[in-house]
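Down below is the structure, laid out as structure tokens.
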Amino acid sequence: MLTKYEIIRWLTKTDERELIKLWRMADDARRLFLGDNVHLRGIIELSNHCDRSCWYCGINAKNKRVNRYLLTEDEVMEAVDQIITYGYKTVVIQAGETQLITTKMITSLVKSIKKKADLAITLSLGERSADDLRAFRNAGADRYLIKFETSNSKLYHRIHPTQTSPWKDRFEIIAFLQKLGYEVGSGIMVGIPGQTIEILAEDIMNFKTLGLDMISAGPFIPHPDTKLGQLAVDRLDINTPDSQVPNNEQMTYKVNALARILCPNANIPTTTALSSINSAQGRELGLNRGANVIMPNVTPIEYRQLYEIYPNRICIKEFDVCAYQKIRERILSIGRQISQDTGTSRQYLSKQGG
Ligand code: 5AD
């Protein structure tokens with residue numbers, strides 16, 4: 001078991017020759033516990049409406065430049081058809097956190113998808129009420145994603161301006177989702193201004209404490225129409241626990257590798273944000289350093305550029321990087337396979353006694 005001290009030691013190393021050892025440990029843990037399968041999750045961005053004003057996110061409620069949309073059920077079902085054609089076994093429905101998306105909309109959608117195909121359904125709709133989360137689960141939803149973003153409550157409150165929420169914090173939501181029997185995913189952004197190496201080490205330890213089934217850590221990418229995007233941050237050296245965490249590629253790989261070593265049974269995606277900062281190799285390097293999941297975007301093409309949580313997302317102009325055939329080739333080229341099942345988290349199965 002890695003101690004906090006050892007996690008900090010890895011996080012402060014930048015020499016690639018030394019880091020090879022970390023990459024190898026993460027890759028070995030992934031292979032030993034989960035094998036070579038890569039699970040593909042088709043992600044549908046249901047809506048870019050959002051009621052919240054998070055300091056990092058491009059689709060925050062205050063951003064008047066965003067052209068807002070909400071897909072119709074027919075549009076979602078067309079994207080689901082595409083998922084079926086491509087042979088993906090999981091559909092992820094993601095949207096901003098908004099009351100425009102009603103309970104009924106989601107329960108009806110979940111039922112329609114379940115009726116149509118044997119797909120696992122993951123929801124990522126923000127801080128919904130307890131009644132909603134229960135209704136979605138009863139309708140057939142299998143998984144829920146809600147990032148805690150940072151486990152430092154002072155930093156959390158700084159970047160999430162107060163507003164009414166039925167929840168004390170996101171940890172309370174995670175516990176509730178687990179109680180409802182969802183497979184639960186959470187995670188963080190790497191390099192949020194104000195995030196220190198020590199805070200990051202605590203985040204990583206929390207992945208384990210929370211018993212997460214899915215873990216996602218992508219780089220923070222500044223968006224010009226947000227508070228944090230307009231804030232200049234001093235880039236200090238990262239050799240002490242209270243240094244600012246850089247939002248770069250290497251740091252993101254380190255966080256994902258450490259997450260894999262601490263939580264060998266969890267599903268870990270190579271995030272779109274990571275491939276957005278290295279479109280040539282980000283995905284493969286993520287997969288070689290602990291990740292076992294890719295989430296290809298299947299949102300109808302005309303809406304994709306409107307879901308701009310951060311700038312220069314891939315799969316908007318560079319279709320080829322995302323296109324189905326390309327993703328398959330890239331997985332096979334690094335000696336991995338494409339999973340043929342829904343890819344339920346081993347962590348979840350082990351908790352169910354399976
Ligand atoms: N950079 C990176 N990730 C972001 N997210 C939102 N805005 C950004 C950004 N600027 C991620 C957050 C959030 C999810 C919806 O997208 O982690 O949970």
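Given the structure is predicted, the values throughout are model-derived calculations rather than measurements. Order of listing sets the numbers, starting from 1, for every ligand and every atom in it.
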To the nearest 0.1 Å, how far is [atom] from its closest protein heavy atom, and which atom is that?
{"atom": "atom 9 (C) of ligand 1", "answer": "I221 O, 3.5 Å"}
{"atom": "atom 18 (O) of ligand 1", "answer": "E149 OE2, 2.4 Å"}
{"atom": "atom 16 (O) of ligand 1", "answer": "I309 CD1, 3.5 Å"}

message: Quick check on H223 - does any of its heavy atoms sit under 4.0 Å from an atom of ligand 1?
response: no
message: Measuring from non-hydrogen atoms of P219 to any atom of ligand 1, is the shortest distance under 4.0 Å?
response: yes
query: Purely on distance, is any nitrogen or oxygen of Y56 under 3.5 Å from one on ligand 1?
result: yes
field: N or O contact, M189 vs ligand 1, cut-off under 3.5 Å
entry: no
- request: To the nearest 0.5 angstrom, please state how far the CD1 atom of I334 sits from the CZ atom of R330.
  value: 9.5 Å
field: Nearest-0.5 Å distance, CD1 of residue I204 to CD1 of residue I199
entry: 12.5 Å
query: Do Y156 and R170 have side-chain atoms, one donor and one acceptor, less than 3.5 Å apart?
result: yes
message: I want to check a possible cation-pi pair here: R137 against Y182, using under 6.0 Å from ring centre and within 45° of the ring axis as the test.
response: yes
task: Could you tell me how the ring of W23 sits relative to the ring of Y253: parallel (under 30°), tilted (30 to 60°) or perpendicular (over 60°)?
output: perpendicular
message: If you count heavy atoms of other groups shown closer than 6.0 angstrom to CZ of R24, is the number above 12?
response: no
Ligand-residue contact atoms, ligand 1 with K147, heavy atoms, under 4.0 Å: 17 (O), 18 (O)
